[in-house]
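Some notes on the structure that comes next.
Chain letters run A, B, ... following the sequence lines, proteins first and then strands; every chain starts at 1. Note that this is a predicted model, so its numbers are computed, not measured.
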Amino acid sequence: MSTPLEKPQIISHIQKSLNYTVFDGKWIPCSAKFVCMGNFPRGTGVMQIYEINHGELQLVKEIEKPKPIKCGTFGATSLQQRHLATGDFDGNLHIWNLEVPDVPVYSVKAHKEIINCIDGVGGLGIGDGAPEIVTGSRDGTVKVWDPRQKDTPVANMEPVEGESKRDCWSVAFGHAFNDQDRCVCAGYDNGDIKLFDLRNMSLRWEKNIKNGVCCVEFDRKDINMNKMVATSLEGKFHVFDMRTQHPTIGFASVSEKAHKSTVWQVRHLPQNRDIFMTTGGAGNLHLWKYEYPAQRSKKDSEEVDMGVAGTVNLLQNVTLSTQPIASLDWSPDKQGLCVCTAFDQSIRVLIVTKLNRV
Amino acid sequence: MSAEMVNSLLNTEVDYSNKIPVEHLDYGYIEKCSDLRYLEKILKVLRSGEEGIYPHLIEFCEKHVEKLNPKSRALRKDKPPASSAALPTEEWNQISEELKSWETEMRAGEVQLKRLPLFSDDENMPPIRGSNYSSQSTSAVEVKKKNAKKSSVPRDYKEWDKLDVEKECAKVDGMTTGDAAPTVINRGLPQIQRTLRTSALTEQEKIVLANREKDKGNEAFKASDYEEAVAYYTRSLSIVPTVAAYNNRAQAEIKLQNWNRALSDCQKVLELEPGNAKGLLRRATVQKHLGNLQVAVDDVNTVLHIEPHNEIAKRLLNELNKKMKESGPEKKPAKGKKMLIEEVDEEEEQETQEACGGAVESSRQPRAGGESSTSAATGEERGDMGNAQKKPHGRGDSGAGGGGGGGPRGPRGGNADKYTVTPPKEERSAGKGLANGNSNSTTHHGDSGHRDGGRPWGDTKVNLDAPAGNLPPPLARLKNEGNHLFKNGQFGDAIEKYSQAIDGYADTGVDSPEDLCILYSNRAACYLKDGNSSDCITDCTKALELQPFSLKPLLRRAMAYESLERYRKAYVDFKTVLQIDNSTQAAHDSVNRITRLLIEQDGPEWRDKLPKIPMVPLSAQQHRKDEPLSAEEAQARAQRAAEEAARKAEARFTLFKSEGNELVKKGRYEEAAGKYSECLKLKPSECSVYTNRALCYVKLERFAEAKQDCDSALALEPDNKKAFYRRAMAHKGLKDYLACSTDLQEVLRLDAGVQEAERELQEVTELLRQSLAAASPGKPRRSVPITEVDDTEETPTKEGQDSTPEQNHVNQRKPSILTQPANAYEFGQALSAARSHDDTAACAELLCFIAPETLPSYIANHLDGHTIAFIMQALDGHLLKKDPGLVYQHLKHLHTAERFSVVLMLLDKEERRRMTQLFEHLAASESEAFSKDDVQNLANKYI
């Protein structure tokens with residue numbers, strides 16, 4: 001076992017208590033600022049922009065909105081514009097220009113119920129092709145939006161009538177390595193993971209991991225899909241090797257139990273796709289590294305290619321709080337810097353060291 | 001002991017659900033227990049403190065668990081996050097410093113980002129999804145969505161399912177699999193775009209993107225998806241070319257064994273950054289696989305020169321050396337290749353940034369040029385080295401590339417094959433090979449057989465009856481046949497022929513020990529090639545008895561000794577060779593190698609064990625040197641010497657030049673100019689060095705010198721735009737704006753995209769306008785019609801030349817360059833230029849060239865008091881002595897100019913005084929063209 005100092009360290013750099021419940025925090029690309037989204041006790045929504053300034057957090061702007069804001073993403077905007085797309089408790093999808101936040105740049109009543117999750121692609125130079133936003137909601141639907149098209153989604157995935165609607169907890173884009181190819185992965189409360197191929201408009205793969213899927217994320221959105229991590233309610237997470245899809249077995253996977261509590265979120269390091277952090281329901285963070293197997297595919301008994309999963313190694317773990325850590329976001333510009341929000345109404349800026357040495 | 005305890009102790013089937021007996025919480029039990037799950041349970045009990053707290057036991061138990069399974073989940077402990085205090089102070093300082101600089105950087109970047117105009121890239125954007133289904137309206141889409149079953153965009157999972165996934169998959173898969181259910185392997189490789197749209201991106205965005213693509217490449221590389229990695233590096237390079245990305249792509253290409261592409265990438269790296277160790281190492285690796293071992297060794301040596309402790313380089317060098325020993329004429333394909341330089345660099349970020357800056361672009365060009373010439377030079381050098389090595393016995397292989405005899409390389413093993421080096425490289429020209437062959441044959445008198453051997457292999461018509469020394473024709477024929485066979489690599493047959501010749505020699509009774517010696521020597525060469533070292537030694541010894549201290553037999557014997565591992569004798573022979581001819585490279589190499597081996601073998605006193613090295617009589621050395629040279633031989637030798645000198649000069653030239661380039665980069669122009677001057681001493685015909693030195697001079701504000709350099713460069717390369725641009729800068733510095741603008745226009749003509757030139761041109765035009773305006777105050781400003789200025793570079797317009805004192809100086813010596821101003825406009829230009837510099841000489845010269853009758857019409861537009869005074873001054877100061885007649889004529893016509901009388905009234909006192917002075921001088925000078933009265937009359941019109 002290596003000495004503790006050789007391993008990456010997770011350092012709590014700045015901590016700040018807030019007067020509202022914070023659901024999501026996202027770095028503003030190409031800046032030392034991040035935006036926090038949540039709801040005030042009086043039932044309204046709030047976005048706050050903080051800037052890191054010599055080890056302190058400075059509140060740059062506070063924006064109050066009528067509905068609590070659940071989630072946000074910068075994934076579908078250009079670096080110049082840096083518009084934030086948010087989903088709120090009422091099912092509205094808004095895109096804000098944070099410089100002029102009074103009126104949204106784009107607004108649509110996307111879902112009948114709360115938007116649980118949002119993801120964007122095609123912006124920031126991540127992913128070729130059109131800028132698109134995907135939202136997942138409690139109403140059971142997953143919709144893909146193009147900010148250039150008003151009112152209607154460009155793709156809509158919902159259960160047939162009569163079938164029970166499952167709460168969609170997580171959505172993620174992936175496979176966006178050229179103009180045409182693109183996939184959306186959605187995770188549901190019953191443990192279903194569905195992979196939709198937007199190019200062919202088909203359901204490409206589905207799997208049930210028995211426990212509610214809290215978070216799914218591809219290691220990279222803008223490459224030929226490589227790996228995907230799905231986290232679950234009961235403390236397990238699964239890493240799928242997305243390169244080889246066997247006709248019956250599907251994708252090979254490895255699972256690991258991080259802790260007993262829910263794994264709320266997983267986020268891959270933007271500078272290294274094989275390192276990711278999971279956040280736990282008991283206020284803990286786990287930093288993992290995926291190791292590829294020697295051969296990523298092999299032949300089964302019928303000479304059909306099947307994938308081989310690698311292994312997952314724990315690099316570091318810390319406990320920050322007693323409350324769940326609901327979100328974590330790596331800075332796209334500074335390796336090792338991340339912000340996480342917890343239900344103890346606080347935000348923390350963390351530094352993870354030695355990430356380039358693992 | 002209770003029954004339960006007995007049960008638990010004896011029973012191997014451990015019941016996990018039961019409570020753990022207290023007895024198990026014991027050092028002895030824990031140590032023996034190998035059941036991980038049970039141990040974990042014990043640990044849990046211990047930690048819970050239910051049975052009391054035993055910190056040491058807990059620790060012991062943890063260690064034991066770790067021993068069994070280091071990754072055991074039981075070992076994970078809740079830890080608070082580290083704080084800054086937990087880290088060593090320096091480390092934390094470093095982190096916080098980095099963070100602070102990042103903050104400021106980001107803030108600056110953000111300001112920049114905001115300042116940029118927002119322009120969208122809509123036309124390049126891919127279409128909205130589904131818009132290709134219905135082009136009518138969005139409502140149509142909505143309708144389709146409502147009647148779910150028929151929607152083109154499927155809505156529910158069942159429907160999504162209806163799309164036959166397998167079929168779709170098969171499509172995606174490109175029908176690679178047959179009847180069996182297909183596996184989808186996501187090889188999106190061909191669909192990855194190799195270039196990115198960057199038109200609408202800002203510099204900052206480009207850098208971010210390029211880095212991201214490079215990171216993706218790195219990740220793909222780590223996952224062994226080399227082709228994908230190459231694709232991403234290519235994307236990165238399509239945005240911003242960086243050293244790191246080229247370097248990494250080279251590595252990926254190496255993995256894919258695309259040697260040539262890897263090589264070109266390495267070259268790019270070295271162009272952008274000469275002396276990049278990784279680039280060099282990778283190039284060495286590539287060269288190794290391409291079979292250019294010597295080139296590879298050179299590269300590795302360069303790396304070791306830069307980083308003497310580079311382990312990878314050392315290993316590679318060892319491998320190369322080993323390979324060079326093994327490599328025979330027929331090279332085995334490289335197998336079991338070992339990649340050594342694998343780490344993909346992250347730390348090259350720094351350079352990336354540096355290289356990204358657009359400002360560096362222009363300064364990179366000269367560097368790139370320098371490097372390319374460097375590599376060309378080294379290429380040549382290598383070719384030469386190859387030649388040098390095979391000099392000692394490069395008999396049959398000059399142009400051929402057949403069984404090329406290389407320098408001795410292997411100290412061990414009796415196989416003569418190892419003396420052959422890789423086939424000759426392409427760089428070596430046939431001509432060179434011929435020269436080399438000839439130079440080899442200079443070793444002895446009458447060694448015509450050898451000269452035959454030196455012929456290029458392409459020469460198939462071998463004259464077997466060529467006379468050979470004093471040998472009678474049958475023997476000569478045998479010998480020539482032998483030589484021919486030797487050349488063809490049929491050593492056994494050659495031996496036979498030579499033996500026949502030797503046997504026949506005794507019968508002929510001819511007394512020609514030289515020829516016999518050559519026969520023995522040649523046969524020895526054949527033996528050596530055949531690996532028959534002992535016979536080789538015998539023959540060499542015989543040859544040496546006949547002709548003591550002849551070079552070739554000695555050398556061959558030395559090699560034979562060496563291959564028999566009789567190093568002492570080999571050493572002695574090599575040493576003797578060196579006494580005879582100190583320039584035998586192979587002997588030097590071998591001596592070094594053998595010295596090492598002998599030291600290893602005999603220890604520090606190895607010299608004592610050596611047999612005596614025979615003193616070579618001076619006559620033998622002398623003999624070699626004073627050898628009367630045939631014209632051909634002399635030429636060959638001279639050529640060789642010249643080549644040698646050229647090679648050395650080339651090397652020094654490259655060195656100086658790269659040093660110069662380095663200094664320029666550091667901003668030490670003075671020293672850089674010095675280096676370039678050294679370069680030019682070695683090679684006065686290198687255009688880029690002139691332009692580089694010109695740059696230094698411009699920076700040092702030594703414009704005249706800069707101009708000269710540019711002129712030289714342009715003489716070598718008449719359309720070198722860098723030279724034009726720098727000359728423009730020099731002209732600007734010399735305040736010769738017209739010439740400057742001409743040069744700039746030339747630059748733009750050669751390459752319309754040079755923005756600096758355009759900017760400068762605007763600036764200079766403005767300056768020119770100002771200078772002209774200053775020249776003719778009171779006149780409305782005229783735009784300067786630069787376009788009319790003569791376009792050809794080598795004969796700059798008259799005005800341009802007149803305006804600088806220095807150039808004017810040149811003109812006085814060579815007035816023929818000047819042409820008569822064709823019209824009033826040109827005259828006016830020239831006059832103003834001269835006036836702006838107060839250059840009366842130029843003015844006088846100008847006046848020389850125009851006919852006095854035309855003066856009034858020319859000057860009309862320019863006529864003012866100052867101009868008149870200026871002309872008077874010119875006439876008085878320069879022209880009067882030379883040609884008083886002309887002065888008189890000018891004056892005679894000048895006053896007929898329009899408005900002359902008005903202007904005359906405006907003259908101030910000083911100017912009047914000058915005019916009076918001029919007429920006094922004129923009156924005083926004697927001439928047939930006019931009388932004193934004429935002058936007086938004229939004066940009356942002026943004064």
Checking heavy atoms, do the side chain of [X], its backbone, both or neither come under 4.5 Å from chain B?
X: K257(A); result: both
X: I11(A); result: both
X: D146(A); result: side chain
X: H259(A); result: neither
X: R348(A); result: neither
X: R220(A); result: side chain
X: S331(A); result: side chain
X: L285(A); result: neither
X: D219(A); result: neither
X: L337(A); result: side chain

Do NZ/NE/NH1/NH2 and the carboxylate oxygens of [X] and [Y] come within less than 4.0 Å?
X: R243(A); Y: D225(B); answer: yes
X: K227(A); Y: D241(A); answer: no
X: K63(B); Y: E59(B); answer: yes
X: E158(A); Y: K165(A); answer: no

*V154(A) vs Q149(A), side-chain contact (heavy atoms from CB on, under 4.5 Å): CA-CA, chis, key distance, verdict*: CA-CA 8 Å; V154(A) 293; Q149(A) 177 173 307; 3.8 Å; yes
Greatest number of heavy atom pairs closer than 4.5 Å to chain B - which of [options]:
options: D274(A), I249(A), D222(A), L320(A); result: D222(A)
options: A130(A), G283(A), G122(A); result: A130(A)
options: N284(A), N313(A), N226(A); result: N313(A)

*List the steps, then state whether side-chain contact (heavy atoms from CB on, under 4.5 Å) holds for V142(A) with Y188(A).*
CA-CA 10 Å; V142(A) 173; Y188(A) 297 85; 3.5 Å; yes
*asked:* For A229(B) versus A252(B), what's the shortest heavy-atom pair and its separation?
replied: CB-CB, 4.4 Å
*Where do F251(A) and L195(A) land on the side-chain contact (heavy atoms from CB on, under 4.5 Å) test, with the steps shown first?*
CA-CA 11 Å; F251(A) 297 109; L195(A) 182 69; 4.1 Å; yes
*Starting from the C-alpha separation in whole Å, work towards a yes-or-no answer on side-chain contact (heavy atoms from CB on, under 4.5 Å) for Q9(A) and V352(A).*
CA-CA 5 Å; Q9(A) 296 290 309; V352(A) 184; over 6 Å; no
